[in-house]
Amino acid sequence: KEKVEITKEQQALVKVVVEAYNRHQIPQDVAKKLLQDQYSAEENFLLLTEMATSQVQVLVEFTKNIPGFLSLDREDQIALLKGSAVEAMFLRSAQVFSKKMPNGHTEVLEERIRKSGISEEFMTPMFNFYKSIGELHMVEEEQALLTTITILTPDRPYVKDQQAVERLQETILDVLRKMCVLQHPQDPQYFARLLGRLTELRTLSHYHAEMLTSWRVNDHKFTPLLCEIWDVQ
Ligand SMILES: Cc1cc(OCc2c(-c3c(Cl)cncc3Cl)noc2C(C)C)ccc1-c1ccc2c(C(=O)O)cn(C)c2c1
């Protein structure tokens, strides 16, 4: 049985990533709006759009703190952000659901998502994903590292130097694998299950492209930042 241990530099790497992950959060006044405004489909869509926009800003700031990210080719940095934004946001919103936000927020958020013009066919996979993330009971290190691994996916569209991204991603995968072995000794499959969620995320991001189209068909407007990151209108 090989002795698994996390090296000093791996510990430093995790510390940087987790601190950045916790530092960059949706501002409370945006999150609190969930409870205030009324419940029309339009109002829900506007609120969710505001949260998504705020979440993208949070994501961009977080990504800058990923060790090595800013040394990547500039255009590759943009390609990674555009290619991973939806998946990172599904991961974040799933974690928000599973960490049970302050009393009642989760139900309110679910209610608003269910009544925001998203068709039923996307609702089921989305809430199944939320449930499957919740069942993992990830600690914050695992959440932060899994989000980082999603962002550092080498085969996003238009990434030129995939090897450089792969090297960064492997560094994070290695320390996450060790942490899973140390954190969940009774469940040797835990690391594999975490990575399995990333496959589910890719399916969700395909559904998301269709969600965007159906919103646009119904003349829903997005913010300039979302249009840019999601290549819409
Ligand atoms: C919960 C949600 C939804 C969201 O996007 C909302 C959307 C989505 C969509 C959908 Cl519904 C579900 N998952 C991912 C996508 Cl990206 N697709 O389009 C839209 C908008 C443009 C209508 C963006 C962000 C949050 C979010 C994230 C973090 C927190 C948070 C914390 O960190 O403490 C507290 N609160 C209240 C949060 C809310």
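Atoms considered below: every heavy atom in the structure, side chains included; atoms not considered: hydrogens, waters and symmetry mates. Start at 1 with the first residue, then count along the sequence.
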Donor-acceptor pair, side chain of Lys178 and main chain of Val4, under 3.5 angstrom: no

Taking only Lys NZ, Arg NE, NH1 and NH2, and the carboxylate oxygens of Asp or Glu, determine whether Glu42 and Lys115 approach each other closer than 4.0 Å. no

Does the pair Asp29/Lys32 count as a salt bridge with the N-to-O cut at 4.0 Å? no

Can you check whether Leu70's main-chain N or O pairs, donor with acceptor, with Gln77's side chain at less than 3.5 Å? yes

Does Arg92 qualify as a cation-pi partner of Phe62, given the criterion of NZ or CZ under 6.0 Å from the six-membered ring centre and within 45 degrees of its axis? no

Please verify the inter-ring angle class for Tyr190 with His184; under 30° counts as parallel, over 60° as perpendicular, anything in between as tilted. parallel

Carboxylate-amine/guanidinium proximity below 4.0 Å for Glu200 and Arg197: yes

Between the side chain of His24 and the main-chain N/O of Val58, is any donor-acceptor distance below 3.5 Å? no

Does atom OH of Tyr207 have more than 12 heavy-atom neighbours from other groups under 6.0 Å away? no

With distance as the sole test, does Asp76 use its side chain to make a donor-acceptor pair with the main-chain N or O of Lys160 at under 3.5 Å? yes

For the backbone of Leu212 and the side chain of Trp230, can you confirm whether one donor and one acceptor N or O come within less than 3.5 Å of each other? no

Rounding to 0.5 Å, atoms CG (Leu48) and CD1 (Ile113) come to a distance of 5.5 Å

Considering residues, nucleotides and ligands other than Glu75, do more than 12 of their heavy atoms fall under 6.0 Å from its CD? no

Around Glu228, counting heavy atoms of other residues, nucleotides and ligands shown, do more than 12 lie under 6.0 Å from its CD? no

For Tyr39, does the six-membered ring have the charged nitrogen or CZ of Arg112 within the cation-pi criterion, i.e. under 6.0 angstrom from the centroid and within 45° of the normal? yes

Partner set under side-chain hydrogen bond (donor to acceptor under 3.5 Å, both in side chains) for Arg167, not counting sequence neighbours: none

Does any N or O in the side chain of Asn218 come within less than 3.5 Å of the main-chain N or O of Ser214, such that one atom is a donor and the other an acceptor? yes

